[in-house]
Amino acid sequence: MKHIRLPLTEADIAALQAGDEVLLSGPLYAARDAAHQRLCRCLQEGKPLPVELAGETIYYVGPSPAKPGEVIGSAGPTTSYRMDPYTPPLLALGLKGMIGKGRRSAEVVQAIREHGAVYFITIGGAAALLAEAVKKKTPVCYEDLGPEAICRLEVENFYAIVGIDSRGNTIIR
């Protein structure tokens with residue numbers, strides 16, 4: 001098990017191999033389909049993004065509402081291929097990590113290799129357990145999207161597996 005402090009460094013990314021189990025700690029962003037679509041619309045329109053993604057990691061999640069006294073509700077991964085149309089342009093901006101579940105397109109795998117990024121997978125069906133690793137949640141933008149708004153999460157020992165490493169090697173079949 002590798003312990004990784006976020007944000008990811010070039011050395012962290014280079015050392016990771018498909019299949020490595022990791023515990024991630026530090027800041028990352030939560031964002032899903034609608035937020036990705038808006039980010040890419042900004043790019044297409046030549047507008048600045050409302051969030052700096054260079055060097056960052058995005059967790060594909062739309063958490064349920066938090067119960068009283070909780071930081072976040074259930075926070076399981078979203079199926080990642082839904083973000084595939086938007087991922088290559090965000091990787092080109094310097095996004096370094098993504099967390100979700102399931103396969104990625106050939107175009108995304110190529111962009112991961114080209115931009116030296118990494119795709120982590122985590123356990124679907126364990127949303128309540130994954131939520132325990134979230135220590136803080138701060139809305140950043142697109143709050144009108146409700147659970148799909150972009151939020152900054154602080155995580156501690158968030159379990160993931162390297163699904164696709166920076167060389168394009170994968171454990172996903």
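Numbers for residues simply follow the sequence, beginning at 1. All of these numbers come straight from a predicted model, not from anything done at the bench.
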CA sep, side-chain torsions, deciding dist, call: Arg152, Glu56, salt bridge (Lys or Arg N to Asp or Glu O under 4.0 Å): CA-CA 11 Å; Arg152 186 84 164 170; Glu56 298 292 345; 3.0 Å; yes

Sub-4.5 Å side-chain heavy-atom contact between Asn157 and Ser25: yes

Matching residue for Thr170 among Ile164, Ile121, Asp165 - test: side-chain contact (heavy atoms from CB on, under 4.5 Å): Ile164

All side chain to side chain contact (heavy atoms under 4.5 Å, CB included) counterparts of Lys136, not counting sequence neighbours: Thr138, Glu154

Backbone N/O of Ala54 and side chain of Glu52: donor-acceptor pair under 3.5 Å: yes

Sub-6.0 Å ring centroid separation between Tyr59 and Phe158: yes

same_hphob_cluster(Leu95, Ile99) at 4.5 Å side-chain heavy-atom cutoff: no

Closest non-hydrogen atom pair between Leu145 and Ala35, with its separation: CD1-N, 3.8 Å

same_hphob_cluster(Ile112, Val118) at 4.5 Å side-chain heavy-atom cutoff: no

Separation between CD of Gln17 and CZ of Arg167, rounded to the nearest 0.5 Å: 6.0 Å

Arg103 to Ile172 - nearest heavy-atom pair and separation: CG-CG2, 3.4 Å

Tyr29 reachable from Ile72 in the ILVMFWY side-chain graph, under 4.5 Å edges: no

For the student: nearest non-hydrogen atoms of Ala149 and Glu143, plus distance: CB-CA, 3.7 Å

More than 12 heavy atoms of other groups within 6.0 Å of Arg38 CZ: yes

Which atom of Gly97 lies closest to which atom of Leu8, heavy atoms considered: CA-CD1, 3.9 Å

Reported CG-to-CZ distance for the pair Leu91 and Arg113, which is rounded to 0.5 angstrom: 12.5 Å

Distance in Å, Asp12 CG paired with Leu6 CG, rounded so as to fall on 0.5 Å steps: 8.5 Å

Rounded distance (nearest 0.5 Å) linking atom CG of Asp20 with atom NZ of Lys2: 4.0 Å

Same apolar cluster (I L V M F W Y, side chains within < 4.5 Å links), Leu16/Tyr159: no

Lys135 side chain to Glu132 backbone, donor-acceptor under 3.5 Å: yes

Nearest heavy atoms of Ala127 and Ser74, plus distance in Å: CB-CB, 3.6 Å

Hydrophobic cluster membership, Leu28 vs Ile58, 4.5 Å side-chain cutoff: no

Between CG on residue Leu49 and SG on residue Cys42, distance to nearest 0.5 Å: 6.0 Å

Please tabulate, for the side chains in residues 80-89, all donor-acceptor contacts under 3.5 angstrom to protein atoms that are two or more places apart in sequence or on a different chain.
residue: Ser80; atom: OG; partner: Lys101; partner atom: N; Å: 3.1
residue: Ser80; atom: OG; partner: Lys101; partner atom: O; Å: 3.2
residue: Ser80; atom: OG; partner: Tyr119; partner atom: OH; Å: 2.8
residue: Arg82; atom: NE; partner: Asp33; partner atom: OD2; Å: 2.8
residue: Arg82; atom: NH2; partner: Asp33; partner atom: OD1; Å: 3.2
residue: Arg82; atom: NH2; partner: Asp33; partner atom: OD2; Å: 3.1
residue: Asp84; atom: OD1; partner: Arg104; partner atom: NE; Å: 2.6
residue: Asp84; atom: OD1; partner: Arg104; partner atom: NH2; Å: 2.9
residue: Asp84; atom: OD2; partner: Ser105; partner atom: N; Å: 2.7
residue: Asp84; atom: OD2; partner: Ser105; partner atom: OG; Å: 3.4
residue: Thr87; atom: OG1; partner: Met83; partner atom: O; Å: 2.8
residue: Thr87; atom: OG1; partner: Arg104; partner atom: NH2; Å: 2.9

Row check, Tyr60 ring normal vs Arg32 NZ/CZ: under 6.0 Å, within 45°: no

Heavy-atom pair with the smallest gap, counting every atom of Ala160 and Leu24: CB-CD1, 4.4 Å

Any Leu39 side-chain heavy atom under 4.5 Å of Val51 side chain: yes

Non-hydrogen side-chain atoms of Leu43 and Leu93 separated by less than 4.5 Å: yes

Between CD1 on residue Ile161 and CD on residue Glu21, distance to nearest 0.5 Å: 5.5 Å

Any side-chain heavy-atom pair of Phe120 and Val162 under 4.5 Å: yes

